[in-house]
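Here is the structure we will look at.
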There are 2 protein chains.
Amino acid sequence: MSVAPKRPKGPPLNAMRAFEAAARHISFVAAAEELNVTAGAISQHIKTLEGWAGMPLFRRNAQGVELTREGQALLADFTKAFDALADATRALRDLKPNADFQIAALPSIAQLWLPKRLGKIRECYPQINFSVTAMETPPSLSRELFDLSIFFSVPDGSPNQICICQDKIIPVCAPSLLNRKQGDQGFEGISFLRDQTWANDWPMWSQNSGVQIRNSENGPQFSLYSLAVEEAKAGAGVLMGHLCLIEDALTAGALTVMHDVSCSTGNSLVIQVPRMPRQRSETKRIVQLLAN
Amino acid sequence: MSVAPKRPKGPPLNAMRAFEAAARHISFVAAAEELNVTAGAISQHIKTLEGWAGMPLFRRNAQGVELTREGQALLADFTKAFDALADATRALRDLKPNADFQIAALPSIAQLWLPKRLGKIRECYPQINFSVTAMETPPSLSRELFDLSIFFSVPDGSPNQICICQDKIIPVCAPSLLNRKQGDQGFEGISFLRDQTWANDWPMWSQNSGVQIRNSENGPQFSLYSLAVEEAKAGAGVLMGHLCLIEDALTAGALTVMHDVSCSTGNSLVIQVPRMPRQRSETKRIVQLLAN
DNA sequence: CATCTTGCCTTAGTTTTCCTACGGCAAGAA
DNA sequence: TTCTTGCCGTAGGAAAACTAAGGCAAGATG
C-alpha cells in the first residue's frame, strides 16, 4: 500500500481546454488560433494530457491529425464541460458594468461595412465600448466571448441569425479609368485587382455573366480586400466589387460599375448572435440598428 | 472603435476553479485544502477573478468570508461546469489501464482498520495499485478523483453508502495496567490518553455509562489516534477505544476492556462511493470485500 | 482582562507552467 | 521537382501559480 501524502491531482486545466479545442476542430492549428496561442503550445498540452492518461488521444498524420477511438469517446464529455464553463464565464462577464461589446467580423466587413453603422450604434450606447476583432473564420459564439459576429455565409434559418443581404459581385473601377477606356466595354489590357481569399470572384462572375475574361490573374494581389478597394479608387485597375462592401464608394462616386451584370456568390452577409441564455441585454437592439 | 488585435480572453481557468471551490465551501482555507494549495493562493486567484469581473465576489470578514449577491449568483453555474469537467476527467482517467484505485479515509481508519482488509483486496487485484490518502474531512466524490471513502458519519441511506458498523466506544488499557489496579474499578490516578479530534469521547461515555470521570484532561494528547493506541498498549494509561479500530488489539490481547459498558457515538463507519456514472468497474466488488 | 485561535490578507521570492521561435519532416499539390 | 501545409522537437524566456512568513481583527478561552 502506498499512502499518498497528497490528494490525487487531475490533469492541468489548460491541457484539457487545449484538447477540447483540438478535438473539436480536429486540428492543432485551428485550436491554436481559437485559443490565441501557437500550435506548438497545443501540441505540448496534448502530450501532457496523453501522458497523464497513459494513452494516445490523437493519431498524428503528416497532413493532419485524427482522434483515436479513445479521444473520440472523450470529446463529448469535454465539450459539455467547457460549454458549461463558457456559460459561467459569460455570467461572470455580465456582472461587469459596461463591459465591452465584442464583435467578430471578417476583416473586409470590419473595415468597409461596419464603421458607418457602428457610429450610429455608439450614439445609442455612449457608455459601451465596442470592440471589433477581425478574423477569417467565424468563432464559436457558444464558446468564445463574442456578442455578435458578421460574416459571409449561407444562412441556416436559425433565429440567432439575421441575413442582411445577398453577397452580389460586379466589376467596378475608378471613374477616371472608365473615361479613358470610353466606348470600350471589354476588359482588355486592364489590371485585375484581386483579394487573396476571393480569388474565385472573377471566374465566378465570368461564368455567370457570360463575359469572357482572360488573364484575370493579371494584376496585384492584396491580403486585405480594403486595400484592393483603395487601389481601385486610385485607378489602379478593375476590381470585382462586393456590393454591400463598396456601396459608399459607389454613391460617393469614387467607384463606378464597369458592367451592368451582377451575380450572387451564393453567400449572404449574416449577423449571428449567441443563443439566448448567453446573450447580453443590448444585443437585440444592436442587431436591429445594424440591420437598419 | 477600438479594433482589438486579439480575441477577447476569458479569465484564467485556475482562478475560476479556485472561486468555485471557495464559494462552495464558503471558506478559503477549505478550498485551499481541497485543491492542495495554500489559502494565499486561493486569495490571489479570487482577487484575479474579481479584477477581471470588476466586481467583488466575496465579502471578507475577520472570522470568515461570505459571498456577495453577485458571487452567490455565479456559484451554481460554476459548480455545474466543474462537475461536468470532473466527469470528463474521470472518463479520461478510466482510459488508463490499471490506474490507481484511490481511497480517502480518516487517518485513524487508514491506519487501524484498513490495512488488514486492503491486504485481502490486493490479493484479488494484484495488478491494481491501491492508494490511500488520509484526511480529516470527507472529500467530494463527485469532484475529486477518489474511488471510495471511509469515514465516521451518520449514514444518509443513499445507495452509494454502505454502513459497516456503529462506532462504539469503551475504555481500554494494557492488560498489565489492569492487573496492577486489580480490584479497583475506578479511574483514579490513571492517565487518560486522548486524541485531539476525539476529545469529547470521555465526557460522552461518562454521561452514557453513568460513571463519574474526573480529570479526563489528565494525560497526554495525540494528534493521531493510532499513536494513542500504541501508548495504551505500552501501558501508558487508559484510552477510550473505538471498537472497530481496536478489534485486532483486543483479540490479540494487547488491550483489554476496563469497563463493561460501551456506548455509541451516534456515528457509523461508512463507506461511500461516487454515484454511478463516475464509478469504475471494480468498485462494487471492492466494497463487498471491505464490508466482509 | 489578557491571551489564544481562527481565518483572511499582503508581500516577496521561488517554482512551475506556459508559450514562442525556429528548424525539421512527411505528404500532397503545383 | 519545389512549394505548401500541418505537426514535431527543443531551447529559452515570460507569465502564472504557489509558498512562506508576518499582520490584523474578531471571537473564544482562561
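The sequence lines fix the lettering, A, B, ..., with proteins before strands; numbering per chain opens at 1. Below, all heavy atoms of this structure are taken into account, side chains as well, without hydrogens, waters or symmetry copies.
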Open item on the list: I'd like to check A:L95 versus B:L74 (side-chain heavy atoms, cut-off strictly below 4.5 Å). Are they in contact?
Closed with: yes

TODO: Just jot down the side-chain hydrogen bond (donor to acceptor under 3.5 Å, both in side chains) partners of B:H242, sequence neighbours excluded, or say none.
DONE: B:D167, B:D201

Task: Whole-Å distance separating the CG atom of A:L49 from the C1' atom of C:dT17 - done: 15 Å

- [ ] In whole angstrom, give the distance that lies between atom CD of A:E66 and atom C1' of D:dC7.
- [x] 13 Å

Task: For B:F78, ring-ring contact (aromatic ring centres under 6.0 Å, His included) partners two or more places apart - done: B:F19

Task: Length of the line joining A:E33:CD and C:dC19:P, which is rounded to integer Å - done: 16 Å

Sequence neighbours excluded and cut-off under 3.5 Å, please list the side-chain donor-acceptor pairs for residues 27-35 of chain A, or say none.
from	atom 1	to	atom 2	distance (Å)
A:S27	OG	A:V29	N	3.3
A:S27	OG	A:A30	N	3.0
A:E34	OE1	A:R24	NH1	3.2
A:E34	OE1	A:H25	NE2	3.3
A:E34	OE2	A:R24	NH2	2.9

TODO: Mind checking side-chain contact (heavy atoms from CB on, under 4.5 Å) for A:P11 and listing every partner two or more places apart, or none if nothing turns up?
DONE: A:M16, A:L49, A:W52, B:T89, B:L92

Open item on the list: Just so I know, are the side chains of A:V211 and A:W205 near enough to count as touching, which here means a heavy-atom distance under 4.5 Å?
Closed with: yes

Task: Parallel, tilted or perpendicular: ring planes of A:F192 versus A:W202, cut at 30 and 60 degrees - done: perpendicular

TODO: Give a yes/no answer on whether the side chain of B:S43 brings an N or O atom under 4.0 Å of OP1 or OP2 in C:dC9.
DONE: yes

TODO: Quantify the bending of the helix from C:dC1-D:dG30 to C:dA30-D:dT1 as the angle between its end axes, each fitted on five pairs, to 10°.
DONE: 20°

Open item on the list: Counting primed atoms plus P, OP1 and OP2 as sugar-phosphate and everything else as base, spell out the protein contacts along nucleotides 11-28 of chain D at 4.0 Å heavy-atom distance: B, S or - for each nucleotide, 5' to 3'.
Closed with: B-----SBB------S--

Open item on the list: Tell me the interatomic distance from A:W52, atom CH2, to C:dT17, atom C1', rounded to whole angstroms.
Closed with: 18 Å

Open item on the list: With a 4.0 Å limit, can you tell me whether B:R60 has a side-chain N or O closer than that to the phosphate oxygens OP1/OP2 of C:dG7?
Closed with: no

TODO: Check whether any side-chain heavy atom of A:S108 lies under 4.5 Å from a side-chain heavy atom of A:L224, and answer yes or no.
DONE: no

Task: Atom-to-atom span, CG of B:L57 to P of C:dC8 - whole angstrom - done: 15 Å

Open item on the list: Are the side chains of A:P138 and A:Q272 in contact, using a 4.5 Å heavy-atom criterion?
Closed with: no

- [ ] Can you tell me the distance, in whole Å, between the CG atom of A:N61 and the P atom of D:dT4?
- [x] 23 Å

